[in-house]
Amino acid sequence: MTPSSADYDYIRRLVQDHSAIMLEAGKEYLLGLRLQGLMTRHGCADIPALVQKLRSDRSGALSREVVEAMTNNETSFFRDLHPFETLRKVIVPELIRRRAAERTLDIWCGASSSGQEIYSVALTLREHFPELVNWRLNIVSTDLSREMVQRGRDGRYSQIEVNRGLPAMLLVKYFERSGMDYYVKPDIRRMVDFRELNLNGPWSGVPSRLDIVFMRNVLIYFEDAVKRRILAKVHDLLRPDGYLFLGGSETTLNLEDRLEQVQLERTRCFRRRH
Ligand SMILES: C[S@@+](CC[C@H](N)C(=O)[O-])C[C@H]1O[C@@H](n2cnc3c(N)ncnc32)[C@H](O)[C@@H]1O
């Protein structure tokens, strides 16, 4: 059943206030799709019953669950491939030269979903740059969704997930099979610090001088004012020679002029304008 516009508006506002995600008008059907499991768990027969429960949700726990359930967590290992190729061929070799004295790299993935993106970064470093073994690699991976952050920490993926983009050689070398699933081996898991973080709130725990930022396929959900605020903060945290990756349809153009686009190999990324 399609929810009434008042119920849809209530949930739309709740999601936007908390996460900055804009649910478009006309996407009412999404509520049923994304909230069905949650409604069953909470004994709500339909969306009006859920909205009624939300209105008296003093602790905020149910509201939080609803917001998380409304996020789109689509991701895959080595998604779009080229950013990881550029990382391997250009960016990491360059940063290894530039950071030879301090031997530290600070990397942040700002909307990492279930962790496949940041593990793709970690696997690239481990597989191709043995010289980094004695460096301090500070790799922080954050997402709004508690469930997704926990999935990243667990490092457990289904056959379907590992079949989408993960090279067989990396699967064999860095994963362990358990029943139907595959686990990222502990020494790769230990490379990444997974935390909850709302991009629309305070950014505690994000390294204050970043060499590489992945923030892909999340700005698309926000309105321009929010994108501007986030990109300004990324600019301030990015080192002068650091790199930002956005999703294929995302840009800093007309949003943050202090970041400029650079074409590296077959990837577009962003740097501080000098
Ligand atoms: C489509 S996924 C993209 C995942 C990954 N970056 C990629 O490109 O494969 C978008 C992610 O952004 C997260 N997200 C949405 N709003 C957020 C917010 N306000 N703060 C942090 N993460 C958010 C969602 O939970 C979801 O996991």
Side-chain angles (χ1 to χ4, degrees), residues 11-24 27 30 33-35 38 60 63-84 86-87 107-124 139-155 157 160-162 164-166 192-206 210 212-234 237 243-251 267-270:
I11 292 184
R12 204 169 48 80
R13 247 197 321 266
L14 173 77
V15 170
Q16 187 172 352
D17 288 350
H18 185 79
S19 67
I21 295 172
M22 311 262 295
L23 297 175
E24 296 159 44
K27 292 277 176 85
L30 269 183
L33 278 178
R34 299 233 171 108
L35 299 178
L38 180 151
S63 305
R64 187 197 163 92
E65 264 191 71
V66 167
V67 172
E68 288 199 16
M70 290 306 298
T71 57
N72 172 355
N73 307 119
E74 169 67 15
T75 190
S76 60
F77 286 101
F78 294 92
R79 183 175 186 176
D80 303 332
L81 188 64
H82 299 302
F84 302 94
T86 300
L87 209 57
I107 300 172
W108 176 39
C109 180
S112 58
S113 187
S114 51
Q116 297 169 50
E117 184 173 45
I118 199 64
Y119 282 130
S120 305
V121 174
L123 290 172
T124 301
I139 306 178
V140 177
S141 189
T142 64
D143 198 275
L144 172 81
S145 159
R146 184 169 292 177
E147 183 190 342
M148 289 301 125
V149 170
Q150 190 56 47
R151 284 208 60 205
R153 268 190 209 122
D154 293 344
Y157 300 101
I160 292 172
E161 287 170 316
V162 298
R164 280 181 74 199
L166 183 68
V192 185
D193 179 8
F194 284 97
R195 299 171 186 203
E196 283 173 42
L197 184 136
N198 184 349
L199 291 170
N200 193 38
W203 290 8
S204 49
V206 175
L210 287 158
I212 299 169
V213 178
F214 273 70
M215 192 174 283
R216 301 192 308 155
N217 305 304
V218 63
L219 295 182
I220 36 170
Y221 299 109
F222 305 149
E223 62 186 353
D224 282 357
V226 176
K227 291 180 192 172
R228 285 200 179 92
R229 216 167 47 232
I230 291 174
L231 288 171
K233 282 165 88 172
V234 170
L237 296 177
Y243 290 93
L244 163 69
F245 288 92
L246 297 178
S249 62
E250 295 164 329
T251 180
T267 299
R268 209 174 44 111
C269 45
F270 299 86

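These figures come from a predicted structure and were not determined experimentally. Numbering of ligands and ligand atoms starts at 1, following listing order.
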Engineer: Partners of Glu24 by side-chain hydrogen bond (donor to acceptor under 3.5 Å, both in side chains), sequence neighbours excluded?
Structural biologist: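 Once residues adjacent in sequence are excluded, Glu24 has no partner under the side-chain hydrogen bond (donor to acceptor under 3.5 Å, both in side chains) criterion.
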Engineer: Do any nitrogen or oxygen atoms of ligand 1 lie under 3.5 Å from a protein nitrogen or oxygen, and which ones?
Structural biologist:
from	atom 1	to	atom 2	distance (Å)
ligand 1	6 (N)	Ala111	O	2.8
ligand 1	6 (N)	Glu117	OE1	2.8
ligand 1	6 (N)	Arg216	O	2.9
ligand 1	8 (O)	Arg79	NH1	3.1
ligand 1	8 (O)	Arg216	O	3.3
ligand 1	8 (O)	Asn217	ND2	2.8
ligand 1	9 (O)	Thr75	OG1	2.6
ligand 1	9 (O)	Arg79	NH1	2.8
ligand 1	19 (N)	Ser19	O	2.8
ligand 1	19 (N)	Asn198	OD1	3.0
ligand 1	20 (N)	Leu199	N	2.8
ligand 1	22 (N)	Leu144	N	3.2
ligand 1	25 (O)	Asn73	ND2	3.3
ligand 1	25 (O)	Asp143	OD1	2.6
ligand 1	27 (O)	Asn73	ND2	3.0
ligand 1	27 (O)	Asp143	OD1	3.4
ligand 1	27 (O)	Asp143	OD2	2.8

Engineer: Decide whether Asp143 and Ser145 meet the rule of one side-chain donor and one side-chain acceptor closer than 3.5 Å.
Structural biologist: no
Engineer: Of all residues at least two apart in sequence or in a different chain, which pass the ring-ring contact (aromatic ring centres under 6.0 Å, His included) check with Phe84?
Structural biologist: Phe78, Phe214
Engineer: Filter on salt bridge (charged side-chain N to carboxylate O under 4.0 Å, His left out), then keep only pairs touching residues 214-223, sequence neighbours left out; what's left?
Structural biologist: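 Checked against salt bridge (charged side-chain N to carboxylate O under 4.0 Å, His left out) - neighbours excluded - the pairs reaching residues 214-223 are Asp80-Arg216, Glu117-Arg216.
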Engineer: Any side-chain donor paired with an acceptor under 3.5 Å for Arg153 and Gln150?
Structural biologist: yes
Engineer: Does one side chain, of Ser114 or Gln116, offer a donor that lies under 3.5 Å from an acceptor on the other?
Structural biologist: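 Checked: Ser114/Gln116 side chains pair up, N/O donor to acceptor below 3.5 Å.
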